[in-house]
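Below you'll find the structure, written out as structure tokens, and then a few comments.
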Amino acid sequence: MIRRSAVSLLLGSSAIWGLSSINQAYAASASDAQILALQHEMQEMRREMSGQISVLRQRLVRAEAHNTPAANAAQARRVAASKGQSLPDSYAQDIHIGGDSGMGGNLGSVMQKADLGTPPSDRGVSSSWASFRAANEKEEAVHMGGMMIGFPGGRPTISSEDGMYAMSIGLAFHEDIGGFMGMSPRRGETRGDFSSLTENARRLRIPISFRYKDWIANITPDFGNGSADGSTTLYEANVNYAGFHNTILTAGYFQPRVTEEDSESSNEFEMMERPAITDIVRNIAAGDARMSIGGLHYDKRWWIAGYLTGQSYGARNGTGVTDSQTGATFRVAGRPYMSKDIDVHVGLSAISAFKVAEKSNGRSYAFAEGPEVNLTTTKFLNQTVGNVGSIWSAGPELGFRWKRLVLKGEYYHIGVTRGDNTGGNVGNQQSVNFSGYYGAANYTLFGKGRSYNIKEGAFAAPGVDHVFDPLHGYWGALELSARYSVADLNSGLNTAGAVRGGQQTVWSAGLNWYPNRHFRFMLDFNHIIVSRNSQLYDLVGRDGNSVAGRIHAAF
């Protein structure tokens, strides 16, 4: 019936256009006033019929959408939620879009139904056109004159009815506050940057994505980069093609995915910061805003990615670089066993700087990392290695989920070859070897437990079945995390070419509360133990504690 009405209106509109042509021919003999009146009347009729056609077209799209299996399943979830029942386990899908579903409705209803699920990513959009349309089917959207306004994946998005054109804008807001205890220097040491109470804008990212079909451009400035707020930089600026099945090809400034922790969005971290060894490894030839060309592919049981990489954004700005770095990353992960209650994760990551950047003093590389809380500019682990030929790192990943419990860990070895090491070791030109590892445990006390995200090949954040509403007994989601982390930048200590960058051990515990998918409050405690190195603030070793909290918003 809707189709016949639309066809009739279209035929009627065509007839009016024909009548307009006849009237224009008649205008030569009619009075100007009559012609103007008739033209005005026809224009009004055309506007009215165009409006009716648009309304019928939207009704047709909605009627067809509601007959899909996804829409029917979505309606069942909405009914369950309206009755105060828990959403089914299928709610937190492997692709981890989350949220309620449906078409039509008003903007207030759309926003209310978009606040369930897992947090949005801190990155730009990279989904295919088909996935984008499916996400819009799962989420409610407002249809306005051939456009849709909605929140697919929890991110404000404006798109055409068919999803061919779209623009979305997001937010990753991480504000940290806390301090250090028991970090007083020992005799002969300088104090270092260890305030008892301080604040830091850790991340203030605004991901902006533009889509034309399967082509996506992402631009994400970061106004809170690093451990000392006030610096502004670029997190990403890249072009992606997602037209191949479960595949994303990327070129531009990007964060190449390497290691399990680095593949997760920062909005999904168990603790406020990554383990020290993960940051050290990823910064060799990956990290934020690294010039990259490559891609990733994923499926239910496996994930693979590889990128050729160059310099980081801003690396040539006033640094005296005369020859840029080149490198590559590779990661493969699998899920050999999966069920409703169990996920087993295994993986391997590798990264290499084939050629490190050259400056006036030659090719050197500075390994440096803080105490796993970004409220200090002091790096306990700190060692510059000179005359570097290449740097590489590789190691395994292991993970296990049983219901609400997630266990995971990684180990990495780092090798540094020297530029003029042509055979045997000569003095301080011998190869350098570092290592590190971590083990972590996470348990979701209430809310939907962490699940496996096949698009990242990693574990996603908890989901919120019911937003914070204490009057009705709903408290969002709460999880407890713990981690043991070791990073060792000492090499050949009993040889002539000894490198003493220090060894750092961190015991961590944390509590994360999600009142809804968009907001999170984190509280972390770290106990830090560091062996001595050559820095003035760590001549004989240090130990101490930190307590820090984070206010986190994600769209």
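- Checking side-chain atoms of Arg517 against main-chain N and O of Val464 turns up no donor-acceptor pair under 3.5 Å.
- Taking the ring centre of Phe459 as origin, the terminal cationic atom of Arg450 falls outside the region bounded by 6.0 Å and 45° from the ring axis.
- Applying ring pair (Phe, Tyr, Trp, His ring centres under 6.0 Å) to His345 and the options Tyr452, Trp303, Phe400, Tyr337 leaves one that passes, Tyr452.
- No side-chain N or O of Arg202 forms a donor-acceptor pair with one of His174 less than 3.5 Å apart.
- Remark: the backbone N or O of Asp193 is paired with a side-chain donor or acceptor of Thr376 at under 3.5 angstrom.
- Between the side chain of Arg500 and the backbone N or O of Asn490, no donor-acceptor pair lies under 3.5 Å.
- Put simply, CZ on Arg123 and CG on Asn238 are 11.0 Å apart, with the number rounded to the nearest 0.5 Å.
- A donor-acceptor contact shorter than 3.5 Å is absent between the side chain of Arg520 and the backbone of His552.
- Other residues, nucleotides and ligands contribute over 12 non-hydrogen atoms within 6.0 Å of the CG atom of Asn361.
- In the model, Glu264 has no side-chain atom that pairs as donor or acceptor with a side-chain atom of Asn453 under 3.5 Å.
- Between Ser390 and Thr417, the side chains place a donor N or O and an acceptor N or O closer than 3.5 Å (distance only, hydrogens not considered).
- Here CD of Gln311 is found 9.0 Å from CZ of Arg290. Values are rounded to the nearest 0.5 Å.
- Proximity of Val332 to Trp302: side-chain heavy atoms (C-beta onward) are nowhere separated by under 4.5 Å.
- A donor and an acceptor atom, one from each side chain of Asp122 and Ser266, are located under 3.5 Å apart.
- Under a 3.5 Å cut-off, the side chain of Ser393 and the backbone N or O of His413 do form a donor-acceptor pair.
- Expressed to the nearest 0.5 Å, how far CG of Asn200 lies from CZ of Arg550 amounts to 9.0 Å.
- With values rounded to the nearest 0.5 angstrom, Glu268 atom CD is found 7.0 Å from Thr118 atom OG1.
- Thr220 and Glu236 form a side-chain donor-acceptor contact under 3.5 Å, judged by distance and modelled atom types alone.
- In this structure, Asp488 contributes its side chain and Gly436 its backbone to no donor-acceptor pair below 3.5 Å.
- Using modelled atom types and a 3.5 Å distance limit, the side chains of Asn218 and Ser209 yield a donor-acceptor pair.
- Residues Ile280 and Tyr412 have side chains not in contact (no heavy-atom distance under 4.5 Å, counting atoms from C-beta outward).
- Put simply, CG on Asp214 and CD1 on Ile248 are 10.5 Å apart, with the number rounded to the nearest 0.5 Å.
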Practice item. Evaluate the side-chain contact (heavy atoms from CB on, under 4.5 Å) criterion for residues Ile414 and Ile277: first the C-alpha distance (whole Å), next the side-chain angles of each, then the deciding distance (0.1 Å), finally the verdict. Key: CA-CA 10 Å; Ile414 301 171; Ile277 188 61; 4.1 Å; yes
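- You'll find the side chain of Gln255 reaches within 4.5 Å of the side chain of Asp262, heavy atoms only.
- No hydrogens or angles considered: a donor-acceptor pair under 3.5 Å links the side chains of Arg211 and Ser127.
- Under a 3.5 Å cut-off, the side chain of Thr444 and the backbone N or O of Gly447 do not form any donor-acceptor pair.
- Counting only N and O atoms by type, the side chains of Asn526 and Asp524 include no donor and acceptor under 3.5 Å apart.
- A 4.5 Å side-chain heavy-atom check between Phe519 and Phe555 finds at least one atom pair inside the cut-off.
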Check your understanding: For Glu261 and Arg282, what are the C-alpha separation, side-chain angles and deciding distance, and is it a salt bridge (charged side-chain N to carboxylate O under 4.0 Å, His left out)?
Key -> CA-CA 10 Å; Glu261 280 278 336; Arg282 78 188 195 108; over 6 Å; no
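- Thr309 places no side-chain N or O within 3.5 Å of a backbone atom of Ala286 that could act as its donor or acceptor partner.
- By the 6.0 Å contact criterion, CG on Leu511 is enclosed, its count of non-hydrogen atoms from other residues, nucleotides or ligands being greater than 12.
- Note that CZ of Arg257 is 9.5 Å distant from OG of Ser292, once rounded to the nearest 0.5 Å.
- Between the side chains of Glu479 and Asn442, at least one donor N or O sits under 3.5 Å from an acceptor N or O.
- The neighbour count for Tyr313 OH, taken as heavy atoms of other residues, nucleotides or ligands under 6.0 Å away, does not exceed 12.
- Note on Arg203 versus Asp288: no salt bridge recorded, every NZ/NE/NH1/NH2 to OD/OE distance being 4.0 Å or above.
- Centroid-to-centroid, the aromatic rings of Tyr365 and Phe367 come within less than 6.0 Å.
- Aromatic ring centres of Tyr537 and Phe194: separated by at least 6.0 Å.
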